There are 2 protein chains.
Amino acid sequence: MENGAIRVVSRAFSILVHLAQERRPLGISEIAESVALPKATVYRILDSLVGERAVMNRGGEYELGPVCLMLADAYRSQTGFAEAARPHLRALRDETKETVHLFAYERGEFYYLDKLESPYQVRMHSRIGAKASLFRLSAGRALLARLSPDEMKELPEPLPGEVASEFPEILSRGFAVDDEQNERGLRCVGAAVFDGSGRPLGAVSVSAPVYRFSSEMVDSYGLLVKRTAEAISKSAETLFPRAGGGERLRAERAGKMKERISSGGAPDER
Amino acid sequence: MENGAIRVVSRAFSILVHLAQERRPLGISEIAESVALPKATVYRILDSLVGERAVMNRGGEYELGPVCLMLADAYRSQTGFAEAARPHLRALRDETKETVHLFAYERGEFYYLDKLESPYQVRMHSRIGAKASLFRLSAGRALLARLSPDEMKELPEPLPGEVASEFPEILSRGFAVDDEQNERGLRCVGAAVFDGSGRPLGAVSVSAPVYRFSSEMVDSYGLLVKRTAEAISKSAETLFPRAGGGERLRAERAGKMKERISSGGAPDER
DNA sequence: GAAAAAAAATCCATGGAGCGAAACGAAAAT
DNA sequence: ATTTTCGTTTCGCTCCATGGATTTTTTTTC
């Protein structure tokens with residue numbers, strides 16, 4: 001699954017990801033150097049991506065194109081989770097005036113799913129869609145603490161002992177705390193989110209610089225985060241009706257296959 | 001640029017776009033049939049895409065993955081335009097209680113960039129990132145009416161006479177109207193957005209079913225849309241400081257190249 | 001619960017698709 | 001005017017992607 005991959009495809013994505021990281025228009029030579037490929041190769045791949053509207057060519061410089069938006073829009077509506085969480089995240093952000101994050105958990109993977117930013121100038125930075133650390137972030141540890149033994153086995157790396165030792169406290173409080181362990185000067189509280197059948201969906205967190213988020217405030221923000229996570233779990237229950245682990249859901253989906261195929265595509269695209 | 005493209009790359013994107021359109025987990029056989037490729041080929045491409053986290057394999061069924069979010073997040077911050085427009089769009093949506101759209105214009109291309117939805121059950125549907133029609137939508141015609149002759153030349157299709165004949169009215173009112181011409185029962189008003197140097201950035205529109213958006217309301221909603229477009233243009237001015245078409249910006253960016261390269265990548269990704 | 005059917009995953013010989021060094025022309029920089 | 005840099009094009013070689021066939025797994029049917 002890693003080296004069985006098609007070479008051009010991974011090359012194309014390494015270019016896309018590089019464009020995403022730089023966040024500015026780049027020339028071919030520059031890209032070629034960064035991704036360590038010959039110019040001609042980069043040129044051809046970029047040309048193909050332009051044809052797919054995944055990148056745009058703006059006067060010799062390249063940047064990401066609107067297809068990226070289309071894919072993300074579909075991704076969000078397909079999970080549903082992010083949309084359901086939005087109003088709760090907004091309430092949490094407005095109450096704390098700090099940056100709040102939504103994380104998704106998927107078979108051992110953990111990543112930033114959504115964020116709402118603090119109005120202050122100094123605030124935490126993050127990249128939606130990027131991988132997040134289950135061990136280092138408060139949101140990650142809050143989730144880990146409530147995983148079943150079966151779910152633990154899916155983790156790509158073994159659980160460090162010092163993380164596991166925090167579980168009892170996390171479970172009793174209902175949220176996890178990160179007191180500058182991940183980054184000096186940054187304090188976070190996080191709580192886990194589950195669906196109706198108890199499957200872990202992800203987590204929520206509030207992050208702020210210590211001078212705005214004192215240790216005395218940990219309990220109050222922690223309670224807010226915990227309540228928000230519970231509220232999101234509640235809305236998720238209606239989204240993913242109680243079911244036996246997902247098998248039933250899969251069967252339902254499969255049943256819809258034929259009718260959907262014959263219904264035809266959208267009129268506006270391609 | 002169309003047939004000089006790399007075959008696997010366009011195949012990979014046709015699969016991604018298909019997944020985006022279906023908006024549900026799909027099996028290999030089903031995808032293979034839809035995109036008209038052998039199963040083995042689809043399997044290999046999907047496998048590569050999973051390796052890039054562009055799709056996820058959820059028990060034999062495939063759906064879009066978090067990298068899509070990452071690319072879209074970068075796309076949005078790279079244009080800046082969408083972010084700057086957000087608060088104005090929200091005000092417009094809250095005042096009208098109807099779905100508002102933001103469109104981007106880019107060298108003859110026009111597409112949905114953002115939307116905020118009406119709280120009502122019955123509301124317009126659209127796909128962020130998908131192409132939009134410059135000729136049929138009110139937002140498109142509002143933009144066309146204010147393009148310079150040079151910019152007109154970039155249009156992929158010639159301007160229909162009946163569209164051009166509306167320009168004087170659009171210019172005098174400051175917004176364009178679509179009275180069920182695009183779709184029966186749907187009424188829209190749209191206005192164009194420009195940056196500090198007069199370059200067209202896109203357009204804004206309000207869309208609603210005719211029974212909530214009567215012909216008597218066209219002038220009031222039209223005025224709101226016009227004002228919103230002006231406000232967005234104003235904020236865009238500060239984003240893209242008055243400059244001679246962009247050459248200066250390009251030079252500035254180029255200067256930052258070396259320092260950025262040597263600064264290394266983000267610690268959290270890949 | 002066994003048999004049948006369908007789908008996913010794997011294998012492999014083959015051809016052409018993708019590759020990249022090099023050359024070219026255009027545009028900046030000096 | 002000269003040099004450097006960058007984007008684009010060419011072209012012959014090679015190895016990579018291909019897809020038909022096979023095996024394995026899952027689902028359905030009886």
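Chain identifiers are assigned alphabetically (A, B, ...) following the order of the sequence lines, protein sequences preceding nucleic acid strands; residue numbering begins at 1 within each chain. Predicted model only: the values in this text are computed from it and were never measured.
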Quick one: do A:Arg44 and A:Asp47 make a salt bridge, cutoff under 4.0 Å?
-> no
Integer-rounded Å distance: D:dC6 P and A:Glu61 CD | 11 Å
Any Lys/Arg nitrogen of B:Asp73 or A:Arg23 sitting under 4.0 Å from an Asp/Glu carboxylate oxygen of the other?
-> yes
Find the bend of the helix from C:dG1-D:dC30 to C:dT30-D:dA1 as the angle between its two terminal axes (five pairs each), to the nearest 10°.
-> 50°
B:Asn57 CG - C:dA7 P separation (whole Å) = 16 Å
N/O donor-acceptor pair under 3.5 Å between B:Lys115 side chain and B:Ile128 backbone | no
Rounded distance [0.5 Å steps], CD1 in B:Ile28 versus NZ in B:Lys39 | 8.0 Å
May I ask you to evaluate whether B:Ser29 reaches the phosphate of C:dA6, defined as a side-chain N or O under 4.0 Å from OP1 or OP2?
-> no
Nearest-Å distance for atom pair CD/C1', residues A:Glu33 and D:dG7 | 16 Å
Atom CG of B:Leu49 and atom P of D:dA17: how far apart are they, to the nearest Å?
-> 13 Å
Would you say B:Tyr62 reaches C:dA9's phosphate, i.e. side-chain N/O to OP1/OP2 under 4.0 Å?
-> yes
So which protein N/O to nucleotides 18-21 of chain D N/O distances come out below 3.5 Å?
unit_1: D:dT18; atom_1: OP1; unit_2: B:Arg11; atom_2: NH1; d: 3.1
unit_1: D:dT18; atom_1: OP2; unit_2: B:Arg44; atom_2: NH1; d: 3.1
unit_1: D:dG19; atom_1: OP2; unit_2: B:Arg11; atom_2: NH1; d: 3.3
unit_1: D:dG19; atom_1: OP2; unit_2: B:Thr41; atom_2: OG1; d: 2.6
unit_1: D:dG19; atom_1: N7; unit_2: B:Arg44; atom_2: NH2; d: 2.7

Mind running ring pair (Phe, Tyr, Trp, His ring centres under 6.0 Å) on B:Tyr112 and B:Phe103 for me, showing each step along the way?
-> CA-CA 5 Å; B:Tyr112 294 95; B:Phe103 298 84; 5.0 Å; yes
Pick out which of B:Glu30, B:Glu61, B:Met56 makes a side-chain contact (heavy atoms from CB on, under 4.5 Å) with B:Pro25.
-> B:Glu61
Side-chain donor or acceptor of A:Arg53 paired with backbone N/O of B:Gly129 under 3.5 Å | yes
In whole angstroms, the gap separating C1' of D:dT22 from OH of B:Tyr43 amounts to 14 Å
Hey, does the side chain of B:Ser233 reach the backbone of B:Val193 with a donor-acceptor pair shorter than 3.5 angstrom?
-> no
Length of the NZ-C1' vector between A:Lys39 and C:dA23, whole Å | 11 Å
Whole-Å gap separating P (C:dG20) and CD1 (A:Ile28) | 15 Å
Looking at B:Glu63 and B:Arg58, does any basic side-chain N land under 4.0 Å from a carboxylate oxygen?
-> yes
